Amino acid sequence: MKNAIRNIQARQQTLLDMLKDDQAHTVKALSLSLKTSETTIRRDLASLARMGKVNRSHGKAKISKTGLEIDKCDNQNIEVIKEALAKTAASFVKNGNTVFINSSSAALDAVKYLIHKQVTIITNNVKVAALDHNSESSVFLSGGEVRFPKEALIGQSAQSFFEAIQADIAIIGCYGISAERGLTTPVIHEAKINEVIVKQTRGIVICIADYRKIGESANFKSCDLSYIDYLITDTFSNPDKLKKIEDCGVNIIQIQV
């Protein structure tokens, strides 16, 4: 699986290199140059287009100047990626599980895919309460001060609430994840809650992080990578940074979007 992902990444990088002449290339020409089927080339170009790196039209592709920088992938494409990662994270949850969900939008997305399972959700994310849920499920909000605009519950009350509970599984998002600093966030109060969440999880801890967050770091540390069992990310993520994270003992699942 990992070799297959590396092959995809290498082929897509070759495609980008070929398109850097700023000319429109046909799928057929790219297929012949790479000695790869047109179906595979179309699939690769579709992925690169979702990332905002290429523009496609009528069997042709051209480099996207606005997509040359990785951070300029538009919001619509990012949401497609996040939804795919969230759906994978939710698949780890079993009927009857107690699940910690932190204040991130990535973890919130995962809750949408739990509607067909009977679970107990423990969270400091106020937005969870507004989602549809299985009629047999329960949702508990931690209490505490509401921090806007994320609508995250923070403070000592929230922290104490999580300290009194153990969960079977935790699904969390982050600002950044790196081998050097672990999981980080720019908000100290959220870092404290995240730290308690991972320590109070008796089963697996899953981190959802799209390619923009791999290798990144913020001011406040939530936890070391030793607390993270799985990192779910996409095939756009930097392979060298992922390898460093994997070397810290984290199981990495990459989703091709």
Side-chain angles (χ1 to χ4, degrees), residues 70-87 89-90 93 98-115 119-134 137-165 167 169-178 181-201 205-223 227-228 231-233:
I70 197 167
D71 289 336
K72 293 188 177 180
C73 183
D74 65 58
N75 289 335
Q76 183 177 357
N77 294 328
I78 288 296
E79 287 306 314
V80 171
I81 292 171
K82 286 172 60 181
E83 288 287 340
L85 304 185
K87 185 176 182 180
V93 179
T98 295
V99 188
F100 280 151
I101 298 291
N102 79 339
S103 61
S104 77
S105 60
L108 180 70
D109 287 339
V111 175
K112 302 172 188 175
Y113 296 98
L114 298 178
I115 193 167
V119 295
T120 299
I121 297 173
I122 313 292
T123 184
N124 67 325
N125 193 329
V126 175
K127 293 177 182 177
V128 169
L131 299 178
D132 291 332
H133 297 278
N134 187 307
S137 292
S138 300
V139 177
F140 292 90
L141 298 179
S142 65
E145 176 189 350
V146 182
R147 180 178 181 273
F148 295 99
K150 287 184 69 175
E151 297 183 48
L153 294 162
I154 60 171
Q156 186 59 50
S157 295
Q159 188 173 328
S160 298
F161 178 83
F162 282 105
E163 288 174 342
I165 301 171
I169 184 170
I171 299 177
I172 61 175
C174 62
Y175 174 90
I177 177 171
S178 67
R181 296 204 63 222
L183 264 66
T184 56
T185 173
V187 183
I188 188 171
H189 303 292
E190 292 183 20
K192 292 290 186 183
I193 300 296
N194 293 339
E195 180 183 10
V196 176
I197 283 175
V198 298
K199 288 182 177 179
Q200 291 296 109
T201 302
V205 176
I206 299 171
C207 176
I208 306 173
D210 64 66
Y211 67 91
R212 300 169 303 165
K213 300 179 178 183
I214 305 303
E216 296 300 312
S217 177
N219 299 83
F220 303 105
K221 186 172 180 176
S222 295
C223 68
Y227 286 98
I228 306 301
L231 166 62
I232 299 178
T233 188

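Hydrogens, waters and symmetry mates are skipped; everything else that's a heavy atom, side chains included, is used. All values reported here derive from a predicted model rather than from experimental measurement.
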From [X] [atom1] over to [Y] [atom2], what is the distance, rounded to the nearest 0.5 angstrom?
| X | Y | atom1 | atom2 | value |
| --- | --- | --- | --- | --- |
| Glu145 | Leu153 | CD | CG | 9.5 Å |
| Ile193 | Asn102 | CD1 | CG | 10.0 Å |
| Leu85 | Ile206 | CG | CD1 | 11.5 Å |
| Cys207 | Lys213 | SG | NZ | 8.5 Å |
| Ser105 | Lys127 | OG | NZ | 7.5 Å |
| Thr233 | Ile214 | OG1 | CD1 | 4.0 Å |

Taking C-beta and beyond as the side chain, do [X] and [Y] meet within less than 4.5 Å on heavy atoms?
| X | Y | result |
| --- | --- | --- |
| Asp109 | Ile208 | no |
| Val119 | Asn134 | no |
| Phe220 | His189 | no |

To check you understand the geometry: which heavy-atom pair defines the closest contact between [X] and [Y], and what is its length?
| X | Y | value |
| --- | --- | --- |
| Ala106 | Gly173 | CB-CA, 4.5 Å |
| Tyr175 | Ser217 | CE2-O, 3.7 Å |
| Ala209 | Leu231 | CB-CD1, 3.9 Å |
| Phe100 | Ile197 | CD1-O, 3.5 Å |
| Phe162 | Thr123 | CZ-C, 3.7 Å |
| Ser222 | Ala191 | OG-CA, 3.7 Å |

For [X] and [Y], indicate whether the former's side chain and the latter's backbone hold a donor-acceptor pair under 3.5 Å.
| X | Y | value |
| --- | --- | --- |
| Asn124 | Ile154 | no |
| Asn125 | Ala152 | no |
| Thr185 | Cys174 | no |
| Arg181 | Ala218 | yes |
| His133 | Val128 | yes |

Checklist line | Option among Thr184, Ile228, Val196, Asn194 that satisfies the side-chain contact (heavy atoms from CB on, under 4.5 Å) test with Cys223 | finding: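 Of the listed options, the one satisfying the test is Ile228.
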
Checklist line | The single option from Thr201, Val205, Ile101 passing side-chain contact (heavy atoms from CB on, under 4.5 Å) against Ile171 | finding: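 It is Ile101; the other options fail the test.
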
Margin query: Check this for me: does any side-chain nitrogen of one of Lys82 and Glu79 sit under 4.0 Å from a carboxylate oxygen of the other?
Written below: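 The answer is yes: the pair qualifies as a salt bridge.
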
Next item on the list: Check the pair Ile81, Tyr211 against side chain to side chain contact (heavy atoms under 4.5 Å, CB included), reporting the backbone distance first and the verdict last.
Entry: CA-CA 9 Å; Ile81 292 171; Tyr211 67 91; 3.7 Å; yes

Checklist line | Enclosure of Lys192 NZ (heavy-atom neighbours >12, cutoff 6.0 Å) | finding: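 Atom NZ in Lys192 is not packed in, count stays at 12 or less.
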
Notebook entry, point to check: Quick check: are there more than 12 heavy atoms from other residues, nucleotides or ligands sitting under 6.0 Å from NZ of Lys150?
Noted result: yes

Check: Is there a donor in the side chain of Tyr227 and an acceptor in the side chain of Glu195, or the other way round, less than 3.5 Å apart?
Finding: no

